[in-house]
Structures are given as structure tokens and as C-alpha cells.
Amino acid sequence: AKKNADVLIDASQCLVFLGFVDAGSDFDHHFGVFDQGVQDLFLSQGITTVIGGNHGLSLAPFPGREFLKEFPVLNKYKAVFHWHSFREFADALSKTKLHLNFGSLSGYLNLRAASVGASDRDLTVREREKLTSDLEKIFSSGAFGISIDFRREFAKNIPKEEIREVFAIAARLKRLLSLDIEIGGISKEPREAKHLEVFLALLKETGVSAVLADFHNPLKSEEEDHKLFKKIIAEFSSGANIDFQISPLPLTALPISCFLPEIFKEKNPRKKIDLHREAFFRKEVIAGISSHVSKIKTVAGVPKNILSFTGKTFEELTDLLHLSKEDILLFLAENSRFRADVFFENCSYCGDELFSPSPTILTSGNVYSSGVSVFGKNKAVPSFLKNAYKAAGESLEQAIPKMTSLPARKYQIAERGVIAEGVYADVVIAGEDLEITNVLVNGSLALEKSENGKVKRPTPAPSAGKFLKK
């Protein structure tokens, strides 16, 4: 039956497609889920649904105050934490006004910290039983799956049997597994149980539905990185239920330790700083980073004592501090106690990588306080989509599902990923050049193009987003 509409949108001569699904963002790590301004920047990219809890870390379950000490980025928000279990987190988010849709994986770091804290020791039989029980409760509370970041030091020493058990639980309960793997590493090589062949064998053995995220090495040359990318897709696409994530952002946030020689990868920050102050080692570091320094663009995140540096480009800091880029990198390392992150220029993923045999899932990549401005200014998602599908010689109709219906299906996001009667209307309207003019979230107008040509929230602005559960 015909129904009256509250708003009439003239979409003649426009493209109308599903809202993008960003399944790999870490904006929840920086509390973007509580920041409506950040959510509006996502909407301006055409992203209507975000899945958080990536890279092994999530806002729930929350193991306790000690957990915050390991992650300064979360520590400054400690007053916000008023939940412990994933169920309590889900209840809190269901009552929060959201501008977009948000669901979450559970970070394995959270889960393991509840049992043994930050230790990487093997779990006892009783601890493994508790971990299994906790994981089942998390899934029953609505988590879409679990993420494990094997680039973290603690994760590199998790026994193979524990990894197999987690894979098997996710497969049995039909939840997704998101993996971050260090390949040809930025730092030291992971031990044998983390080699690609072992992961592939476990994925095939358990049959778990998996996503491989952030596995490229931006410190390699573009040619080497593309070659590695294609090799991994070829190996993993055969016999395993796995898909791949590519970031459309022109920059990747990397910890400053990535640029340091192995001798500096001490766990004790005091010892690292002492090493840095020795002239011989400083010379060695500068020699090691000189080949990468031209691609280091912006300060992504730093502790409170040098917070004013966040978002500044290295060119700005060169003028401000009268130092070379190499010396600025050392300055940031020392003054942040090695907790700074910087934005590094990505390789240009385009063409046949996007249209691989696997239904590749695109993500926004890391979004920090300064990263949000980079993210917003570049209109990264529409621009990447436009350039990529043209380079591959594919139609826009073939490209858009890789950012909409395919990730919705992979993550089993109910009643989304299609435009049909009776499902939620997450819709984007854009001009032929993919310039976004209108965004609908759950059938409500979330963004519209004003008379002066700028896209803004309508007045009154609805908080139409929903917390999503599996």
C-alpha cells in the first residue's frame, strides 16, 4: 500500500545505493561511538554501519581498571566505563543516541585479560574452561565475532592449541573471526605457530568464517607489498572461508616503534630512552629510518604531555622545532615514552586487488583524533571506489556490493545489505561523480545537501542509528 513520506528527495539524475558498511574501523577504541561529530564524518563518506571491536581490542568485556593501564588511549576515558560484561555494554549502547548503526566484535585481548591479565603465559585447564564459557556468553549477548591481533607481543606467544580452540568455538557458534597477522614483519617474525601455513590449516580445519585484516606491510616497497598481497589472496582463497580487508584511506596509523631497529624493541620504556640518548644508537636509528621518513606525514596520537602535537604534519613540526624529520621522530619517541603513533603513506591499492576472486571487504582503516580530519577531508571512501573500479575496468554496480551487501552478509548483519520492502533503509544518494548529497539511516534523513552546497545534518536532526546485535 502507498504510504505518505515525511521528506521528499529528488533523486533524478542521481545514483542511489546502499549505505557502506565499515567492518574494520577502530573508532570505538577512541570512543567515536560516543562522539556524534565523528559519526557524522563517517556518514559524510556514505558509511551508515560500523563494526567495532577490531584489532584484538574492544570496549567490552571490560576486565577492570588494571586493563586501562596497558592502553593509554582508553585510560583517559576511564570515567565512561560503567559496564563489565558484553551484555552490560550492549544494554548501555542500546540507550545511547547514535547517528549511525554500530555493532561490535569482542577483542581477544579483553577476554584473555579477564583470566590472566596482560601475561602471555599458557592458560591452566580451569582458565581455558572459563575462557570458553566467557566467549560463549559474549556471543550470546550479541557480539558478531571475535578479533585477534597477532601483531601484539602477548598474542605471538599464545599456544597453537588455544588458537585452535577459539577458532573452533567461533565456527560452532557461527560467529566471525577477524585476524591481524604480521607478515614479513615490521618487527620480529612471529614464532612458528603464527606462520601463514599454520593459520591457513586451522582455518580449513575448523571451517570458521574469517576476515584477514591489516596484513600488508606498508614499510615494504609498493611492488613488494602488492606481490605479497596477491600471494596471500591466492593461498587463502583456496579451501578456506576467508575474505580480505583493504583500507581506502591514503594513510595508515603506525606505532612509532615500527621504525626502530630490533635493538630498541625493549619492553622497558626507561631502557629504550637511555638507548636513544646514546649517540651511536641515535645515528643507527636515523640511518634506519631515513628510507621511510618521506612517507611519514602526520602525528596520529600522542600522550597528554605532548598532546598539542596531535594532527600536526611533520613539515609543520620541522618549522616549529627547527629539527629534521628524523630528529622529530626521535623526539616523539622519547617524549611519548614510545607510545606515539604516526600516519604513514599507504601503498595505492587499486585495480585487480579490489576485484580479487574473494569478495574483498573495504574498511576505513585507523581513525584517531587527527585521523578523523584526514578521513573527512579526503572523502576517502567515495574517491577510492571511483578510482578503483575505473582502474579495474569494472562497473560501479559490481564494485558497490563489495562495500555494502557482501560485508553485511559476511558479518551476518540482519535485515541490511539489500534495498527491499520490510528491511532497514540505509541508503546513500550521490551525483554521478559519487559526491554524496543525502544519507538515510534506518529510513530517517541523516545528512542532506544544503542550498550552499554543503552536506549537513537536517534540522531537527534525528539520532536514527541503532546498536546492532548478532
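For Q412 (side chain) and K174 (main-chain N/O), a donor-acceptor pair under 3.5 Å exists by modelled atom type. Although no hydrogens or angles enter the test, the distance criterion places a donor-acceptor pair under 3.5 Å between the side chain of S147 and the main chain of G53. With E88 contributing its side chain and S85 its backbone, the two residues share a donor-acceptor pair below 3.5 Å. Judged purely by atom type and a 3.5 angstrom limit, D40 has no side-chain atom pairing as donor or acceptor with the backbone of F42. One N or O on the side chain of S140 and one on the backbone of K137 form a donor-acceptor pair closer than 3.5 Å. A donor-acceptor distance shorter than 3.5 angstrom exists from the side chain of R175 to the backbone of L173, with no hydrogens or angles considered. Using modelled atom types, one side-chain atom of N54 and one backbone atom of S25 make a donor-acceptor pair closer than 3.5 Å. Judged by distance alone, the side chain of S58 and the main-chain N or O of S106 form no donor-acceptor pair under 3.5 Å. Side-chain N or O atoms of S94 include one that pairs as donor or acceptor with a backbone N or O of A90 at under 3.5 Å.
Atom CD1 in I328 sits 10.0 Å away from atom CD1 in I296 (nearest 0.5 Å). Interatomic distance, D22 CG to Q45 CD, rounded to the nearest 0.5 Å: 9.5 Å. The line from OH of Y424 to CG of N442 is 6.5 Å long, rounded to the nearest 0.5 Å. To the nearest 0.5 Å, the span separating CD on E162 from CD on E127 amounts to 9.5 Å. In this structure, L317 CG and F309 CZ are separated by 5.5 Å, a value rounded to the nearest 0.5 Å. Between atom CD1 of residue I146 and atom CG of residue L109 there is a gap of 10.5 Å, rounded to the nearest 0.5 Å.
Side-chain contact check for L93 versus L98: some heavy-atom pair is nearer than 4.5 Å. Contact annotation: the side chain of L18 never approaches that of I400 to less than 4.5 Å [non-hydrogen atoms, C-beta and beyond]. The shortest side-chain heavy-atom distance between E165 and T132 falls under the 4.5 Å cut-off. In this structure the side chain of K410 reaches within 4.5 angstrom of the side chain of N241, judged on heavy atoms. T96 places none of its side-chain heavy atoms less than 4.5 Å from the side chain of V33.
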Test salt bridge (charged side-chain N to carboxylate O under 4.0 Å, His left out) applied to R128 and E161, step by step: CA-CA 11 Å; R128 285 178 67 171; E161 287 306 312; 5.2 Å; no

Please step through side chain to side chain contact (heavy atoms under 4.5 Å, CB included) for the pair T404 and F20, ending with a clear verdict. CA-CA 5 Å; T404 55; F20 298 134; 3.7 Å; yes

Would F27 and L41 count as a side chain to side chain contact (heavy atoms under 4.5 Å, CB included) if you check the C-alpha gap in whole Å, the side-chain angles of each, and the deciding distance to 0.1 Å? CA-CA 11 Å; F27 93 137; L41 281 172; over 6 Å; no

Criterion side chain to side chain contact (heavy atoms under 4.5 Å, CB included) on L135 and Y108, from CA distance to verdict: CA-CA 9 Å; L135 186 54; Y108 194 62; 5.7 Å; no

Apply side chain to side chain contact (heavy atoms under 4.5 Å, CB included) to residues I51 and L105 and explain how you reach the verdict. CA-CA 7 Å; I51 300 296; L105 306 168; 4.1 Å; yes

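Shown are T49, D426, L43, T48; of these, the side chain to side chain contact (heavy atoms under 4.5 Å, CB included) with L100 is made only by L43.
Using cut-offs of 30° and 60° on the angle between ring planes, the pair H29 and H55 is perpendicular. Using the six-membered ring where Trp is involved, F467 and F102 have ring planes that are tilted, between 30° and 60° apart.
Shortest non-hydrogen contact noted between R112 and L123 is NH2-CG, 3.8 Å. Of all non-hydrogen atoms in Y411 and K470, the two that sit nearest each other are O-CD, 4.3 Å. Nearest approach of D91 to K469, heavy atoms of both residues: OD1-NZ, 4.5 Å. Of all non-hydrogen atoms in A210 and L203, the two that sit nearest each other are CB-CD2, 3.6 Å. The two residues A60 and F89 have their closest heavy-atom pair at CB-CB, 3.3 Å. Across N110 and P61, no two heavy atoms sit closer than the pair ND2-O, 2.9 Å.
Evaluation of the salt bridge (charged side-chain N to carboxylate O under 4.0 Å, His left out) rule for E415 yields no partner, not counting sequence neighbours.
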